[in-house]
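The structure appears right after this line, and notes come after that.
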Amino acid sequence: MYQVRRVHIGKTAQLDELAHACGELYTHTLVFFWRTVRHKGIWLKPKHLMRLFTSPKLHAQELAFETRDRP
């Protein structure tokens with residue numbers, strides 16, 4: 001059995017900014033992916049999407065999660 005602990009860190013402007021940057025990147029990636037599928041019939045791999053989009057506010061691991069590993 002797994003035991004999960006939560007840490008309450010509260011809301012800060014920095015966390016809001018990072019969440020907003022993640023949301024923008026995720027939305028941009030999905031829109032681009034489905035437009036490509038719809039218009040060109042090409043199904044892009046996650047590794048290609050990771051190379052297309054970057055954000056100066058996010059670390060490389062956060063970018064990978066948003067474009068590849070997000071459920």
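The structure presented is a predicted model; accordingly, all values stated were derived computationally and were not measured.
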If you look only at pairs with a residue in residues 30-43, which of them pass as a side-chain hydrogen bond (donor to acceptor under 3.5 Å, both in side chains), with sequence neighbours excluded?
none

Report the hydrophobic cluster partners of Val31, with the cluster defined as I, L, V, M, F, W, Y residues connected by side-chain heavy atoms closer than 4.5 angstrom, directly or transitively.
none

Tell me, which pairs form a side-chain hydrogen bond (donor to acceptor under 3.5 Å, both in side chains) where one or both residues lie in residues 11-22, sequence neighbours left out?
His20-Glu24

Nearest heavy atoms of Ile42 and Val37, plus distance in Å
O-CG2, 3.4 Å

